[in-house]
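Written below as structure tokens is the structure these notes are about.
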Amino acid sequence: MSLSVKHLLGIRDLQRQDIELIFKTADQFKEVLQRPIKKVPTLRDTTIVNLFFENSTRTRISFELAEKRLGADTINFSASGSSVSKGETLIDTVNNILSMKVDMVVMRHSATGAPHFLAKHINVPILNAGDGINEHPTQALLDSFSIREKLGGVEGKKIAICGDVMHSRVALSNIYCLKKLGAEVTVVGPPTLIPKYMAEALGVNVTYNLREALEWCDVANVLRIQLERQNTPLFSSLREYSLAYGINRELLDSLNKEIVIMHPGPINRGVELNSDAADSKQSIILNQVENGVAIRMAALYLLAGERKKMLETEN
């Protein structure tokens, strides 16, 4: 089996069988990661450039580790200190890098649609590591993979996405992924942080009552408040946000059931999630981080396979 796409630009472009193929491949790579020697030579002759035009810690390290575990050669590019700061265009930057015989591009950019734009102009696979407030496909894949691992499947499960939905590319990718896999989704947060179109356009439930969402769900995926993307204040204060929408141990203990807690990171501890909840036995946050490497190994491996087929067709 192979992917139906040549690039991984977003979950919206994937079919359900693509997601399931990535999961099955990640299962195999997760087994590799448990071995004493955690490397396979699958991409030994492949060079991958990590183009990060936006700050990142977890995603960048996870991709780099995945690439090294697959035996690939990696090049790390940061916009700060590069010719981008001198006015070089995105296409010129990438074409200069590709002229050095790079085989794949992993890209994070603050502009929505940047990877999609690039995919129309270059002929190597592009893997979107986050673009603006649009999508973050590998985060959604590892989140659903983690739910599948914890609960035995995703179909029919009830997932609450909590917090700053408006500014979160993680939320949008998660909604696409969860819906394709047959889950029910509710978004919850202040009215100012949930777009008006959500229910009708994306087929999700919307509530502004956190307790109501937590009583309903099997899993709560808690989002970070993204103050850096908010041009104007959208709630009165972080303290008041925490009082109304923060999740802590006391709140979890008061529910009529035990739910799973997730967070894509980084956590604003004491705001959307208290340490007594983030570090509890109900939390699978560190499992998400671990699964991120296996999912990204799977995505890189499968896209490399598409690249190989494309080259064979050209020749």
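As the structure is a computational prediction, the values presented were derived from the model and not from experiment.
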Just so I know, are the side chains of [X] and [Y] near enough to count as touching, which here means a heavy-atom distance under 4.5 Å?
X: Leu251; Y: Leu214; answer: yes
X: Lys179; Y: Val185; answer: yes
X: Val188; Y: Tyr208; answer: no
X: Asp103; Y: Val124; answer: no
X: Val105; Y: Leu98; answer: yes
X: Lys30; Y: Glu149; answer: yes
X: Lys150; Y: Asn287; answer: no
X: Leu223; Y: Val165; answer: yes

Closest heavy-atom pair and its distance - [X], [Y]:
X: Ser237; Y: Glu240; result: OG-N, 3.1 Å
X: Ile159; Y: Ala183; result: CG1-CB, 4.2 Å
X: Gly130; Y: Arg169; result: C-NH1, 3.7 Å
X: Thr192; Y: Met166; result: O-CE, 3.5 Å
X: Pro137; Y: Ser173; result: N-OG, 3.7 Å
X: Ser283; Y: Ala278; result: OG-O, 2.8 Å

Practice prompt. Please assess Arg296 against Glu64 for the test salt bridge (charged side-chain N to carboxylate O under 4.0 Å, His left out), listing each intermediate value before the final yes or no.
Written response: CA-CA 9 Å; Arg296 287 167 178 132; Glu64 187 173 352; over 6 Å; no

Worksheet item: Can you list the steps and then say if Asn291 with Ser146 is a side chain to side chain donor-acceptor pair (under 3.5 Å)?
Response: CA-CA 7 Å; Asn291 289 335; Ser146 299; 2.9 Å; yes

Ignoring hydrogens and angles, state whether a donor on the side chain of [X] or [Y] is under 3.5 Å from an acceptor on the partner side chain.
X: Asp92; Y: Asn95; answer: no
X: Asp143; Y: Gln288; answer: yes
X: His263; Y: Glu272; answer: yes

Please say yes or no: joined through hydrophobic side-chain contacts below 4.5 Å, possibly via intermediate residues, are [X] and [Y] part of one cluster?
X: Ile61; Y: Leu70; value: no
X: Leu151; Y: Trp216; value: no
X: Tyr197; Y: Ile175; value: yes
X: Val49; Y: Phe117; value: yes
X: Val222; Y: Val289; value: no

With no hydrogens and no angle check, is any side-chain donor or acceptor of [X] less than 3.5 Å from a backbone partner on [Y]?
X: Asn209; Y: Glu212; answer: yes
X: Thr112; Y: Ile133; answer: yes
X: Ser110; Y: Gly132; answer: no
X: Asn221; Y: Ile161; answer: no

Item to complete: Check the pair Arg35, Glu31 against salt bridge (charged side-chain N to carboxylate O under 4.0 Å, His left out), reporting the backbone distance first and the verdict last.
Response: CA-CA 7 Å; Arg35 300 175 187 171; Glu31 189 275 324; 3.0 Å; yes

Item to complete: Test side chain to side chain contact (heavy atoms under 4.5 Å, CB included) on Arg69 and Leu65 and set out the steps.
Response: CA-CA 6 Å; Arg69 294 287 188 244; Leu65 190 56; 3.7 Å; yes

Interatomic distance, [X] atom [atom1] to [Y] atom [atom2] [nearest 0.5 angstrom]:
X: Leu193; Y: His167; atom1: CG; atom2: NE2; value: 7.0 Å
X: Ile11; Y: Leu172; atom1: CD1; atom2: CG; value: 10.0 Å
X: Lys158; Y: Thr186; atom1: NZ; atom2: OG1; value: 9.0 Å
X: Thr25; Y: Leu302; atom1: OG1; atom2: CG; value: 4.0 Å
X: Asp279; Y: Leu286; atom1: CG; atom2: CG; value: 8.0 Å
X: Met104; Y: Ile48; atom1: CE; atom2: CD1; value: 5.0 Å

Discussion item. Going by the rule side-chain hydrogen bond (donor to acceptor under 3.5 Å, both in side chains), which residues pair with Asn50 if we only count those two or more places apart in sequence or in a different chain?
Written reply: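 Asn50: side-chain hydrogen bond (donor to acceptor under 3.5 Å, both in side chains) contacts with Glu67, Asn76.
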
Tell me, yes or no, whether the heavy-atom count around [X] atom [atom1], taken from other residues, nucleotides or ligands under 6.0 Å, exceeds 12.
X: Arg239; atom1: CZ; answer: no
X: Lys24; atom1: NZ; answer: no
X: Asp276; atom1: CG; answer: yes
X: Tyr301; atom1: OH; answer: no
X: Gln34; atom1: CD; answer: yes
X: Arg58; atom1: CZ; answer: yes
X: Lys257; atom1: NZ; answer: yes

Discussion item. Please evaluate residues Leu9 and Leu127 with respect to the criterion side chain to side chain contact (heavy atoms under 4.5 Å, CB included), reporting the C-alpha separation (whole Å), side-chain torsions for both, the decisive distance (0.1 Å), and the verdict.
Written reply: CA-CA 6 Å; Leu9 301 176; Leu127 206 159; over 6 Å; no

Worksheet entry | Geometric class of the Phe53/His109 ring pair [parallel <30°, tilted 30-60°, perpendicular >60°] |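 Correct class here is tilted.
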
Discussion item. One pair to check against side chain to side chain contact (heavy atoms under 4.5 Å, CB included): Ile22 and Phe145. What are the steps and the verdict?
Written reply: CA-CA 9 Å; Ile22 292 170; Phe145 183 81; over 6 Å; no

Item to complete: Could you tell me whether Arg108 sits above the aromatic face of Phe52, with NZ or CZ closer than 6.0 angstrom to the six-membered ring centre and within 45 degrees of the axis?
Response: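 Not satisfied by the 6.0 Å and 45° rule.
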
Practice prompt. Answer yes or no: is there an ion pair linking Arg148 with Asp27, defined by an N-O contact shorter than 4.0 Å?
Written response: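 Between Asp27 and Arg148 there is a salt bridge, with a charged N closer than 4.0 Å to a carboxylate O.
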
Practice prompt. Assess whether side chain to side chain contact (heavy atoms under 4.5 Å, CB included) is satisfied between Asn128 and His136, documenting all intermediate values.
Written response: CA-CA 7 Å; Asn128 182 6; His136 191 349; over 6 Å; no

